[in-house]
Colleague: 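Before I ask anything, here is the structure I am working with.
Note on naming: letters A, B, ... go to the chains in the order of the sequence lines (proteins, then strands), and numbering restarts at 1 for each one.
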Number of protein chains: 4
Amino acid sequence: MISKEENILFNAEKLFAEKGFEGTSIREISKEANVNVSMISYYFGSKEKLFEKIFEFRMNESLSFAKDVIADNKMNEWEKLIVVINRYTDRVKNLKTFYLIMQREQLTNKNEHIVKVLNESKMGFLEIYKQLIESGLKNKVFTKRPRLEFIHSTISGTIFSALNSLPIYKKFYKGDEKYENLYFEDLNNHIKNVLKYLLGYEENK
Amino acid sequence: MISKEENILFNAEKLFAEKGFEGTSIREISKEANVNVSMISYYFGSKEKLFEKIFEFRMNESLSFAKDVIADNKMNEWEKLIVVINRYTDRVKNLKTFYLIMQREQLTNKNEHIVKVLNESKMGFLEIYKQLIESGLKNKVFTKRPRLEFIHSTISGTIFSALNSLPIYKKFYKGDEKYENLYFEDLNNHIKNVLKYLLGYEENK
Amino acid sequence: MISKEENILFNAEKLFAEKGFEGTSIREISKEANVNVSMISYYFGSKEKLFEKIFEFRMNESLSFAKDVIADNKMNEWEKLIVVINRYTDRVKNLKTFYLIMQREQLTNKNEHIVKVLNESKMGFLEIYKQLIESGLKNKVFTKRPRLEFIHSTISGTIFSALNSLPIYKKFYKGDEKYENLYFEDLNNHIKNVLKYLLGYEENK
Amino acid sequence: MISKEENILFNAEKLFAEKGFEGTSIREISKEANVNVSMISYYFGSKEKLFEKIFEFRMNESLSFAKDVIADNKMNEWEKLIVVINRYTDRVKNLKTFYLIMQREQLTNKNEHIVKVLNESKMGFLEIYKQLIESGLKNKVFTKRPRLEFIHSTISGTIFSALNSLPIYKKFYKGDEKYENLYFEDLNNHIKNVLKYLLGYEENK
DNA sequence: TATGAATGAGACTTCATTCAT
DNA sequence: CATGAATGAAGTCTCATTCAT
């Protein structure tokens with residue numbers, strides 16, 4: 001059973017993804033969520049607060065994410081990196097709407113609260129990459145030390161660029177669900193392949 | 001000397017980059033451009049048409065871009081690819097405002113005219129990559145055939161992700177103009193490095 | 001011990017004095033009084049009824065006021081007048097918030113119930129002045145017969161004008177509690193002085 | 001010919017007088033002034049700015065007021081005082097609506113801009129009274145030095161109290177235009193009479 | 001070609017009150 | 001007695017566009 005509050009939240013997320021923050025009116029949201037217009041102010045205070053709540057909600061969901069990875073000691077650095085990327089692509093694939101909003105906000109930098117959340121997330125990823133690479137070099141799992149910023153840009157940029165192009169390719173190649181699944185699988189392998197090269201990782205050592 | 005029309009256009013571009021399409025009012029644009037409000041409807045028909053005009057203007061600028069590359073016969077495929085990427089990163093670096101708008105529009109897909117322009121651009125790049133790779137393979141310049149979509153996502157995604165993260169890094173590393181120039185240079189080399197690997201290109205053959 | 005109803009009443013009085021009727025929301029009142037919002041409708045029926053209740057409450061308090069004065073037979077007319085004025089200034093001084101609301105309502109004439117209460121009060125005072133003056137003239141305590149309306153306007157107008165200006169003077173003369181007490185004492189004497197003249201009352205006859 | 005802006009201004013003044021600031025909606029104003037709702041924002045910026053404009057407008061009107069009085073050298077201090085009071089009562093009589101609003105604002109102190117204007121006005125009057133009394137004492141026109149604050153409270157308070165009570169008296173005494181004119185004339189004499197006493201002015205000296 | 005006054009739609013938000021519990 | 005979720009009306013303001021000049 002979904003609460004009235006979450007019902008509004010998810011419908012708003014969908015509309016914000018489609019039309020952007022300014023392009024979505026609370027009237028539309030209320031209609032989509034089948035509630036009275038004033039319910040939005042009632043539950044969230046304002047349209048902007050509702051918007052921020054979406055970020056808080058999704059970011060809370062992904063909190064456990066980073067912790068798990070670093071903590072686990074049964075894997076070597078490469079394997080950990082793979083886990084991070086797998087989860088990342090999975091999450092992006094399953095929460096397309098939210099990540100659409102998120103990308104737009106990254107280009108906007110208008111809402112301070114959200115800017116802070118996004119920067120923390122980015123810095124969090126950089127920190128993970130840093131630790132994994134340093135440790136991997138010490139343990140001779142990796143043999144090259146690439147520039148951190150570009151590692152992140154390559155991973156994250158490739159994933160999002162691929163995500164955003166998917167609808168066109170789907171249309172162009174007349175693809176269906178199967179096409180999409182294969183697409184994400186290939187994307188995942190592509191990124192791993194690039195990383196192997198950039199980090200100087202040799203599989204069968 | 002800049003025409004009144006271009007004056008409006010450039011000021012609008014700046015404001016759209018800062019605040020998005022819906023977040024920018026024609027009153028702000030008219031104030032920024034020091035013209036009367038009704039001039040915008042007068043010159044461009046409507047706010048939306050003005051927005052589209054920005055895309056047309058910038059895309060016209062980059063039209064010659066692709067043609068040049070393919071036409072030139074004094075370079076091999078790898079060299080051509082390098083030229084494409086150099087120009088691309090240069091352009092992104094120098095037209096940050098426009099590419100901010102463009103990225104946002106790629107996430108939005110609301111204005112059909114713009115969607116068409118953007119898709120054509122994307123398909124244009126895919127076509128260039130396709131021709132270069134096929135030809136390069138035939139001429140034994142390249143030795144691997146990577147999936148086209150991911151080549152594009154990697155190049156374009158990495159560039160934009162790096163562009164968007166630059167302000168944070170600049171702040172974090174207390175960087176200045178010099179930092180920025182070096183950043184773009186390194187980014188360029190990073191992408192070339194990745195492509196070399198993905199295409200199986202060997203420099204000193 | 002104060003009842004829940006009175007608790008709401010007094011908090012509402014305070015807020016109405018600060019922000020006016022329309023400027024005060026029942027939500028604010030409920031927060032200030034630490035009760036649930038719906039308690040106001042529950043106890044008083046509506047926001048407007050609550051407002052009227054404040055007037056009824058304060059007017060009930062001052063009901064005995066007039067009666068006492070007329071009834072007492074140990075004083076002559078001048079002494080009775082002095083008692084009336086003393087009580088009036090005291091009351092105004094101690095119930096500043098209510099008299100702020102009252103003055104505003106006297107300027108507004110929107111709520112019929114309140115209009116009636118206020119007019120009765122005004123007419124009550126006029127009646128008292130009339131009786132005291134007539135009787136005083138008959139008994140040769142007073143020697144002049146001033147126009148009744150202006151007697152009331154002068155007394156009441158001076159008191160309220162002085163009350164309302166007090167904050168400014170306090171600020172201007174950097175006054176404290178002592179300043180305020182002296183101010184009201186002087187005000188009282190000032191009014192008596194004026195009345196003596198207007199009524200032709202001679203103290204040491 | 002009255003401008004559209006003034007048309008709005010005067011209609012707003014009337015409604016604010018009847019129902020107060022919060023009690024008057026811009027929709028009502030626009031209806032009363034026969035203009036579109038958005039005209040109010042268009043001309044004045046906001047409802048509050050419109051409200052302030054009314055004060056500015058009326059205060060500008062009365063600017064010449066004080067200057068004239070002090071400047072003229074053909075009158076002695078008592079005659080000057082009479083002129084001040086005559087003009088004051090005239091003005092109050094003819095601009096009942098505005099002075100209704102003004103009194104309410106004096107009780108409210110919410111809008112800083114208006115508070116400032118009102119305090120300046122009050123201090124201006126105090127200054128005039130001060131100069132006239134000091135000069136009058138020096139020139140032996142007056143023989144008593146009453147407390148300044150109460151002089152002002154008595155004059156201003158009596159006038160406004162009488163103004164506000166007029167409708168009731170008019171109703172009670174079944175008065176018409178003639179009653180009103182006589183009322184203001186008597187009021188004027190009443191105030192002069194009181195002042196004569198308070199200042200120790202002897203007419204036939 | 002250029003202006004700026006004027007329009008009407010639609011935006012977000014707050015409010016007093018009701019109703020089911 | 002008491003709660004607080006829910007409602008719908010009404011409020012102010014901003015906006016893109018039009019029109020007379």
Colleague: Need to verify one output field. Residue with the more 5' nearest nucleotide on DNA chain F, Phe21(B) or Ile40(D)?
Modeller: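 Looking at the nearest nucleotide for each, Ile40(D) comes out on the 5' side.
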Colleague: Rounded to whole Å, how long is the line connecting atom CZ of Phe51(C) with atom C1' of dA16(E)?
Modeller: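 Taking atom C1' of dA16(E) as the reference, CZ of Phe51(C) is at 16 Å.
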Colleague: Anything under 3.5 Å between a protein N or O and an N or O of nucleotides 2-5 of chain F, put it in a table, one pair a line.
Modeller:
from: dA2(F); atom 1: OP2; to: Tyr43(C); atom 2: OH; distance (Å): 3.0
from: dG4(F); atom 1: OP2; to: Asn36(C); atom 2: ND2; distance (Å): 3.2
from: dG4(F); atom 1: N7; to: Asn36(C); atom 2: OD1; distance (Å): 3.0
from: dG4(F); atom 1: N7; to: Ser38(C); atom 2: OG; distance (Å): 2.7
from: dG4(F); atom 1: O6; to: Ser38(C); atom 2: OG; distance (Å): 2.9
from: dA5(F); atom 1: OP2; to: Tyr42(A); atom 2: OH; distance (Å): 2.8
from: dA5(F); atom 1: O5'; to: Tyr42(A); atom 2: OH; distance (Å): 3.4
from: dA5(F); atom 1: N7; to: Tyr42(A); atom 2: OH; distance (Å): 3.4

Colleague: Parallel, tilted or perpendicular, judged at 30° and 60°: which one describes the rings of Tyr99(C) and Phe160(C)?
Modeller: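 Tyr99(C) and Phe160(C): tilted rings.
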Colleague: Over all strands shown, is Ser25(C) touching base, sugar-phosphate only, or nothing at heavy-atom distances under 4.0 angstrom?
Modeller: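 Sugar-phosphate contact only - Ser25(C) comes under 4.0 Å of backbone atoms but never of a base.
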Colleague: Please tell me whether Phe16(B) and Phe98(B) form a close aromatic pair, meaning their ring centres lie under 6.0 Å apart.
Modeller: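 No - the distance between ring centres of Phe16(B) and Phe98(B) does not fall below the 6.0 Å cut-off.
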Colleague: Between Gly23(C) and Asn34(D), which is nearer to the 5' end of DNA chain E once each is assigned its nearest nucleotide?
Modeller: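 Looking at DNA chain E, the more 5' nearest nucleotide goes with Asn34(D).
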Colleague: What integer distance in Å separates Phe44(A):CZ from dT13(E):P?
Modeller: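 The distance from CZ of Phe44(A) to P of dT13(E) comes to 13 Å, rounded to the nearest Å.
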Colleague: In whole Å, I'd like the distance from the CD1 atom of Ile29(B) to the C1' atom of dT14(F).
Modeller: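 Answer to the nearest Å: 15 Å.
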Colleague: Could you list all the salt bridge (charged side-chain N to carboxylate O under 4.0 Å, His left out) pairs where at least one residue sits in residues 46-57 of chain C, not counting sequence neighbours?
Modeller: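 For residues 46-57 of chain C, and leaving out neighbouring residues, there are no salt bridge (charged side-chain N to carboxylate O under 4.0 Å, His left out) pairs at all.
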Colleague: Starting from P on dA10(F), measure out to NZ on Lys19(D) and report it in whole angstrom.
Modeller: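 So the NZ-P distance, Lys19(D) to dA10(F), works out to 13 Å.
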Colleague: Calculate the interatomic distance between Ile8(B) atom CD1 and dT3(E) atom C1'; express it in whole Å.
Modeller: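 From Ile8(B) CD1 to dT3(E) C1': 13 Å.
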Colleague: Could Lys110(D) and Glu22(D) be called an ion pair, given the rule that one side-chain N must be under 4.0 Å from one carboxylate O?
Modeller: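 Counted as a salt bridge, because a side-chain N and a carboxylate O are separated by less than 4.0 Å.
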Colleague: Can you check the Glu28(C) CD to dT14(E) P distance for me, whole Å?
Modeller: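 Rounded to the whole Å, the gap is 11 Å.
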Colleague: In Watson-Crick or G-U wobble terms, both distances under 3.5 Å, what is the partner of dC15(E)?
Modeller: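 Pairing partner: dG8(F).
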Colleague: Calculate the interatomic distance between Glu48(D) atom CD and dG11(F) atom C1'; express it in whole Å.
Modeller: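 Value for this atom pair: 15 Å.
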Colleague: Quick check: on DNA chain E, is the nucleotide nearest Ile26(C) upstream (toward 5') of the one nearest Glu22(A), or the reverse? Name the residue that is more 5'.
Modeller: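 Going by which nucleotide is closer to the 5' end, it is Glu22(A).
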Colleague: Which nucleotide, dT12(F), dT17(F), dA16(E), lies nearest any side-chain atom of Lys47(B)?
Modeller: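 For the Lys47(B) side chain, the nearest candidate turns out to be dT17(F).
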Colleague: Using a strict threshold of under 4.0 Å (side-chain N to carboxylate O), is an ion pair present between Glu13(B) and Arg58(B)?
Modeller: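 Glu13(B) and Arg58(B): salt-bridged.
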Colleague: Is there a side-chain contact between Val37(B) and Ile29(B), using heavy atoms and a 4.5 Å cut-off?
Modeller: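 No; the side chains remain at least 4.5 Å from each other.
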Colleague: Any luck finding a side-chain donor-acceptor pair between Asn164(C) and Gln103(C) under 3.5 Å?
Modeller: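 There is such a pair (donor and acceptor under 3.5 Å, judged by atom type) between the side chains of Asn164(C) and Gln103(C).
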Colleague: In whole angstrom, what separates Leu15(D)'s CG from dG11(F)'s P?
Modeller: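 These atoms are roughly 13 Å apart.
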Colleague: Describe the nucleic acid contact of Thr24(D) in one word from base, sugar-phosphate, nothing, applying a heavy-atom distance below 4.0 Å.
Modeller: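 Sugar-phosphate only.
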Colleague: Please confirm whether any donor atom in the side chain of Arg27(A) sits under 3.5 Å from an acceptor in the base of dA11(E), or the reverse.
Modeller: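 By the distance-only test, yes, there is a pair.
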Colleague: Across all strands, who's sitting opposite dA2(F) as a Watson-Crick or G-U wobble pair, both distances under 3.5 Å?
Modeller: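 Paired with dA2(F), as far as the under-3.5 Å criterion goes, is dT21(E).
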